[in-house]
Each structure stands twice: as C-alpha cells, then as structure tokens.
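Note sheet for the following structure.
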2 protein chains.
Amino acid sequence: MIHQKSIKNNYHHGDLQNALLEETIKIIAEEGVASVTLRALSKRLGVSRTAPYRHFSDKTQLLTHVAIIGFERFRKHLQVSKEQRNNTILKQFQLMGAAYIQFALRHPSYYKLMFSEPLLTENRSIALEVASNASFNQLLDILKQCQQAGVLKNDDIERQAIFIWSNLHGFCSLILEGHLPLKKQQQEDAIVYIQNTILQGIEAA
Amino acid sequence: MIHQKSIKNNYHHGDLQNALLEETIKIIAEEGVASVTLRALSKRLGVSRTAPYRHFSDKTQLLTHVAIIGFERFRKHLQVSKEQRNNTILKQFQLMGAAYIQFALRHPSYYKLMFSEPLLTENRSIALEVASNASFNQLLDILKQCQQAGVLKNDDIERQAIFIWSNLHGFCSLILEGHLPLKKQQQEDAIVYIQNTILQGIEAA
DNA sequence: ATTTATATGTTGACGCTGTCAATATAACAT
DNA sequence: ATGTTATATTGACAGCGTCAACATATAAAT
C-alpha cells in the first residue's frame, strides 16, 4: 500500500482545523447541512476520513463550531447598523431588524444550522450559548438606547427583546422552512408591514 | 386515533400502515425525531425492517404523513377556541394564540417535525402543504371575523396573519430550540406580553 | 373449489455513515 | 540523536436506508 499523501510534507495538512471549518461552510452553502459528511468533507480536503477527529471530538462538535462562527458573523452583520451614527437611534434599530432578515435570507443554511435545536438542546455547548447570547445582546443594547432616548416604551427590556426576536426569527424560519411561499415583492411588503407593526406595539406613546 | 381500524384484521399484520404512523409518533414523543429509524420502528411492531416499504415509498414519506396528522390535530386544537361562542370574537382570537403556543410546548417533537424544512422544501408534498394551509386558514378566518367586527385594523389579511404567525412560531421555535431558557413564570409572563404587544400593533384605533 | 392475481411481508445484500482502535509519520523539545 | 507530542492513516464495526429477489396471505376470477 502506497500512501500517496506521504510523498513528502503532505502528511500534515498545516491548518486542518480551519480548513475543516471553512470547507464545512462551503458544503453547507452549496448542498445544505444534510450533505455535510465527515467522509465527503475529508475527501474534499485530501485527508483521510478520520483526520477531523484530531481537531473535533465528533461531527456534532464540528457543526457546533461552525454555528459559533455563524453567530459571530451574524453579530457583526447586525452591528454594522449601529455604526451608522448619522441616523437616529430608532432608524438604527430598524436597520438592525432589516439586517437580521437579510442575513437569514442570504445565508439560509447557515442560519438554519445556527438555530437547529439538537446543537443547543441535546448537545449543549457553552461556547455556542455565549455566541448566541452575544447576538441577542446586540438587540438588547439598541433597545436600551431607544428606551433611554424615549422613543420606545419602558417595558421590561428582556420581554421586549423576546417579542422582537420571536417576530424576526419566526418570519425568517417560516420562509426558510417553505411555509410562506411569497414572491419577492410580497416578501418585501411583508417585511415593511412587520417592521411597522412591531413598532406600533413598542413605541412610546 | 389516526384512522379507525377495520373491524376485521384481514392482512398479515392487520393494519400496519396506521400502526407505523402511531408508533412513529410514540417514538418521536419518547426520544425525538432523530431516533425514528425504520429498523427500530419495525422491530417495535414485530415486523421486518422493510415492511414499511409496502406502505410508504421511503422514510421521508412516512414522516411527511406523520407531519400531516400533526397539522390536522393542530388545526383541531386551534379550532376549539373558536367554538367558545359565549366569548367575544377578540377573546376567541386571543384564545387561539394561547392554544397555538400550548400545542407547540406540549408536543415539542411533533411541532418540530411539522415545521422541519426538508419536508416542505427538499421533498415537497402537496398533501402536507394542504394540511399546513388548513391550519393557517384557521388564523385567517378569525382575523377576518375580527376585522368585520371592527376590533382589528383593516390591514391586508394575509400580511396581518403572517405577522401573527411569525410571532407565535418564532417564540415557540426559540423556546423549543433552547435559545430562550426561561423559567415557567418568565415564560408565562412573556406569553402575556407578546399577546398584548401583538394586539397593540393590529387592534382598531 | 381451484386457480390466478394482488397485496403484503421477509431475507440478503449494498453502499453509505460515524466512530473506535491500532498504527504510522511529522514536528518539536531536549 | 532521542524521546515526546501532535497529527494523520488504515482497518474494522455496527447502524442506517433501500433495492432486488423471494415468500405467503388474502382477494378475485374461473
């Protein structure tokens, strides 16, 4: 048996851990999370099928790490709207809502993985919880600012955030799960309607 | 009871098709949908591993049928709130919202299966779409009645329904997916808050 | 009643999967 | 050079969905 890999310095990949994460993301984007297979993944990277086990204890942990990266990118994506300081705080808040939906619809498989339940319930990962909470905190922060500026009701911040998050997550999920077969224009109209209707429930009188 | 068992058990098993559906639901409730295996399922029913193939073309179709049954029960569960005619129409509407959340939290694996995307996107089933739409129509109906009674804004019915459905589905999903680790009291408070806040966005001025 | 057809159930096999154990090699520290 | 650790490989195993071939109980046709 000839190890075609062992010709020379190919035996060690160099940075397999990151390569695995990036390639997993690619597969997810191309074919969906169901097509992520340790064997297919390894083949694409030119390593053996068990090589990933030197970097992740099992497949779930690999996917969990991908989800964590997803949440980090998600958080950054949301944060951009806050950095537009020439806008009013309320406008920033609404931009964040739009950014939320935009991310979910642009990276559907990514978003679905991040919110797929076995990762958080069956196979709890503290790091994933932290990453998820960091995104949630983006929302909490801007809500707090809005309340302080007097543009939103002084309701309990957490409850207000849950309300908004439920709204956005539910809308994105229904679309990604195929329960809302909307045409593009209908979708955009629905987004505007949802944003306005959310606001009516929470804006200061 | 999914179907009435025929009085005479005419065939080998008797009524394997329904037995498969019921046993699948049991497994889902006991161990989650991930534990549904054609082999384990067959073993529990005392038939061979390929016996299910005489009744369902593949595993996905079996799960799709289970999801359809789930949507039918869901629809009936929602309908109950409409039959309390001594209540105002608005009260009926709010009871339906509570019933929605109640169903999802009582039958988490059921609910998750019904809204798991591969069933609707990758493996489209018209019957499932019909069952899903029937549930959605419960909401549309009561919204229509509320608008006619003048208690809700005369917004586009579909958009209004999408807003509410997104809200309820998002909240339930976040809880079931483990993103909202709320204590029981917090959960109930959140439900009340969400219901009130939804209403403020859609009630007639 | 006997034969035929159809519906239903079984066994064997295949390729795919995740993962463990044992082994091999590279990189690094001494 | 030597030994240690990190990394990668092969072999093996059980579990999975599913196809093909076969078996049999029931229904239909004669």
Side-chain angles (χ1 to χ4, degrees), chain A residues 1-24 27-28 30-67 113 116 118-119 122-123 125, chain B residues 2-3 5-24 27-28 30-67 113 116 118-119 122-123 125:
Chain A
M1 274 321 170
I2 303 162
H3 301 171
Q4 47 181 6
K5 293 278 103 192
S6 65
I7 305 283
K8 262 296 178 192
N9 37 14
N10 275 12
Y11 197 96
H12 278 48
H13 180 279
D15 194 7
L16 185 55
Q17 173 145 7
N18 285 320
L20 286 166
L21 291 169
E22 284 181 17
E23 200 67 23
T24 300
I27 296 176
I28 289 176
E30 290 169 12
E31 317 171 44
V33 71
S35 297
V36 174
T37 279
L38 289 186
R39 296 169 114 103
L41 172 63
S42 302
K43 196 170 233 171
R44 284 171 67 135
L45 292 174
V47 296
S48 74
R49 44 190 158 57
T50 58
Y53 285 90
R54 302 302 126 198
H55 304 278
F56 302 98
S57 63
D58 56 19
K59 186 185 175 182
T60 299
Q61 203 173 79
L62 166 64
L63 290 176
T64 300
H65 274 244
V66 172
L113 175 66
S116 66
L119 259 44
E122 291 173 33
N123 222 299
S125 154
Chain B
I2 289 151
H3 241 353
K5 235 177 163 183
S6 49
I7 296 167
K8 235 178 144 190
N9 288 348
N10 289 326
Y11 279 89
H12 301 163
H13 177 279
D15 196 3
L16 185 55
Q17 171 144 7
N18 284 317
L20 286 165
L21 291 169
E22 285 183 15
E23 201 67 24
T24 300
I27 296 175
I28 288 176
E30 289 169 14
E31 318 171 45
V33 70
S35 296
V36 174
T37 278
L38 289 185
R39 294 167 115 102
L41 172 64
S42 302
K43 196 172 232 170
R44 285 171 66 134
L45 292 174
V47 295
S48 73
R49 41 192 162 49
T50 58
Y53 285 90
R54 301 302 129 193
H55 304 277
F56 302 98
S57 64
D58 54 21
K59 187 184 176 183
T60 300
Q61 204 174 76
L62 167 64
L63 289 176
T64 299
H65 274 244
V66 172
L113 175 66
S116 66
L119 258 44
E122 290 173 32
N123 222 300
S125 153

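A, B, ... follow the sequence lines: proteins, then strands. Residue 1 opens every chain. The analysis underlying the following values was restricted to heavy atoms, covering all of them including side chains, and did not include hydrogens, waters or symmetry mates.
- Applying a 4.0 Å cut-off to non-hydrogen atoms, the residues of residues 51-61 of chain B that approach DNA chain C are B:Ala51, B:Arg54, B:His55, listed by residue number.
- We find that CG of B:Leu62 is positioned 14 Å from C1' of D:dT18, with the value rounded to whole Å.
- Listed by first and then second residue, the salt bridge (Lys or Arg N to Asp or Glu O under 4.0 Å) pairs involving residues 32-48 of chain B are B:Glu23-B:Arg44, B:Glu30-B:Arg44, B:Glu31-B:Arg44 (not counting sequence neighbours).
- Taking atom CG of B:Leu63 as the reference point, atom P of D:dT18 lies 10 Å away to the nearest angstrom.
- Each side chain to side chain donor-acceptor pair (under 3.5 Å) pair with one or both residues in residues 45-55 of chain B, not counting sequence neighbours, would appear here, but there are none.
- Residues passing the side-chain hydrogen bond (donor to acceptor under 3.5 Å, both in side chains) test with A:Asn18 are A:Asp15, sequence neighbours excluded.
- Here C:dG18 is the nucleotide among C:dG18, D:dG17, C:dG12 with the atom lying nearest to any side-chain atom of A:Arg39.
- By the ring pair (Phe, Tyr, Trp, His ring centres under 6.0 Å) test, B:His65 is found to be paired with B:Phe56, residues two or more places apart in sequence or in another chain being considered.
- Nucleic acid contact for A:Thr37: sugar-phosphate only, since backbone atoms but no base atoms lie under 4.0 Å from a heavy atom of the residue.
- In this model, a side-chain donor or acceptor of A:Arg49 finds a partner on the base of D:dG11 within 3.5 Å.
- The side-chain hydrogen bond (donor to acceptor under 3.5 Å, both in side chains) check on A:Gln17 picks up nothing, with sequence neighbours excluded.
- For the pair B:Leu41 and B:Leu62, the minimum side-chain heavy-atom distance is below 4.5 Å.
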